Amino acid sequence: MQEFAGSVDHVIPRDQAVFNFGPEMKPVLEVDPGTIVTFETHDCFSGQIQTESDMVTEIDFSKVNPATGPVAVRGAEPGDSLIVEILDIRPGPQGVATIIPGYGQLIDLVESPVTRVLPVRDGLVHFNDEIRFPARPMVGVVGVATGGEEITNAMPGQHGGNLDDHMHGVGTKIYFPVRQPGGMFGVGDMHASMGDGEICGTGVEIAGEVTLRFDLLKDKQGAWPVSETEDAWITHGTAVEYPDAMREACREAAYLLAGEWGLSLEEAFILLSIRADVGVAQACKPSPFATIARVVMPKLEAIPGPFGR
Ligand code: CA
Ligand code: CA
């Protein structure tokens, strides 16, 4: 694996991991804003699936979806946003995808379980001898300590968690709502590639390294993590069913437009309708998983980014 081109202040090994985000988390590292940290991450199965004869039905589910961390950022207080800028994502040489009994839109049409091993070489995912395509590395589990609940990393929520948004790739900044001092950030569930919806329940699940820079925005936060790319900002909503998740993501975008740029909710409603793209990040149904909706609002000259930045 290539190393990160810049300088890194700290490296956290992948065995320093949590399987839940809750209100009381003990940091493995405490840093100042501006610090750059590399997180080594397990794949979502903690490496329990290595060959096409390793089935998802045979693994220990208490070891699924580890998030490396948590890291506390000095000065982060409830009401602030902890900003995580993804500087680099470096997937390892081999990922896996699985069909899981009872999971996903096509499950009634197929035999299950199935495991596919997917080599990742030279920036390409190799699906078989003929089909290959550029990797689109992203991190599925990204979160901070919660306001009160203990939430398994299998699930998303207002703290982040299993958000599974493919837009959480290199260059994206994520603004997490801080609910406990220090924030307590953890990351895992890297995918070399994942499509919107993640319809069979997995992306190219892969171990690797993620390099991030921490920053703080005082006294502003969304209800869910809000993300920023070079040309757009993104709100999220999570719920059991997709329509509820979509409504929450739309409300968050409208509240941002109304609160930060002084639009009325009616103006925000119309602007979102005529310019923003409402979509799905994750919706593997049937399954016990939640769904995650997103609103992608392109940056406009008068609306440059989330929180008026
Ligand atoms: Ca995931
Ligand atoms: Ca995953």
Side-chain angles (χ1 to χ4, degrees), residues 14 17-21 39-50 54-57 59-69 86 89 91-92 94-105 113-118 120 125 135-144 151-169 172 174 185-210 224-225 227 236-240 242 245 279-294:
R14 57 176 56 84
V18 292
F19 293 88
N20 305 279
F21 288 97
F39 294 71
E40 298 177 354
T41 56
H42 279 298
D43 68 42
C44 73
F45 302 119
S46 293
Q48 295 180 87
I49 297 179
Q50 291 291 330
D54 295 335
M55 290 299 148
V56 69
T57 44
I59 65 172
D60 177 355
F61 263 81
S62 72
K63 294 184 181 152
V64 166
N65 282 319
T68 306
I86 303 173
I89 301 178
Q94 171 180 299
V96 298
T98 64
I99 295 176
I100 309 167
Y103 283 45
Q105 277 79 1
V114 172
T115 295
R116 289 293 307 273
V117 169
L118 301 163
V120 179
V125 175
R136 185 168 65 177
M138 55 157 284
V139 280
V141 172
V142 281
V144 294
I151 301 176
T152 158
N153 288 0
M155 298 300 279
Q158 294 192 323
H159 67 299
N162 204 347
L163 276 185
D164 274 340
D165 186 344
H166 82 73
M167 298 185 84
H168 290 159
T172 296
I174 311 174
F185 173 81
V187 59
D189 189 26
M190 181 184 295
H191 303 139
S193 179
M194 188 201 97
D196 282 345
E198 200 191 35
I199 64 167
C200 83
T202 67
V204 180
E205 308 293 335
I206 198 160
E209 296 178 4
V210 191
W224 275 266
S227 308
H236 296 96
T238 62
V240 174
Y242 183 67
V280 59
Q282 218 270 5
C284 171
K285 291 287 184 178
S287 76
F289 294 149
T291 55
I292 298 115
R294 72 159 101 78

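Note that the structure is predicted; figures quoted are calculated from it, not measured. Whatever order the structure lists ligands and atoms in, that order sets their numbers, starting from 1. FYI, the numbering just counts along the sequence from 1.
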Quick check: does any side chain N or O of [X] sit under 3.5 Å from a backbone N or O of [Y], one acting as donor and the other as acceptor?
{"X": "Gln94", "Y": "Gln50", "value": "yes"}
{"X": "Asp164", "Y": "Ala281", "value": "no"}
{"X": "Glu40", "Y": "Ala207", "value": "no"}
{"X": "Ser193", "Y": "Val204", "value": "no"}

Tell me the protein N, O or S atoms under 3.0 Å from the Ca ion (ligand 2), in chain and number order.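 Less than 3.0 Å away from the Ca ion (ligand 2) sit Asp189 OD1, His191 NE2, Glu205 OE1, Glu205 OE2.
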Suppose we screen for ring pair (Phe, Tyr, Trp, His ring centres under 6.0 Å). Which residues come up paired with Phe39, at least two apart in sequence or across chains?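 With neighbours one apart ignored, the set is Phe185.
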Result of checking Thr202, Val56, Val117 against Ile49 for side-chain contact (heavy atoms from CB on, under 4.5 Å):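 That would be Val56; it is the only one of Thr202, Val56, Val117 passing the side-chain contact (heavy atoms from CB on, under 4.5 Å) with Ile49.
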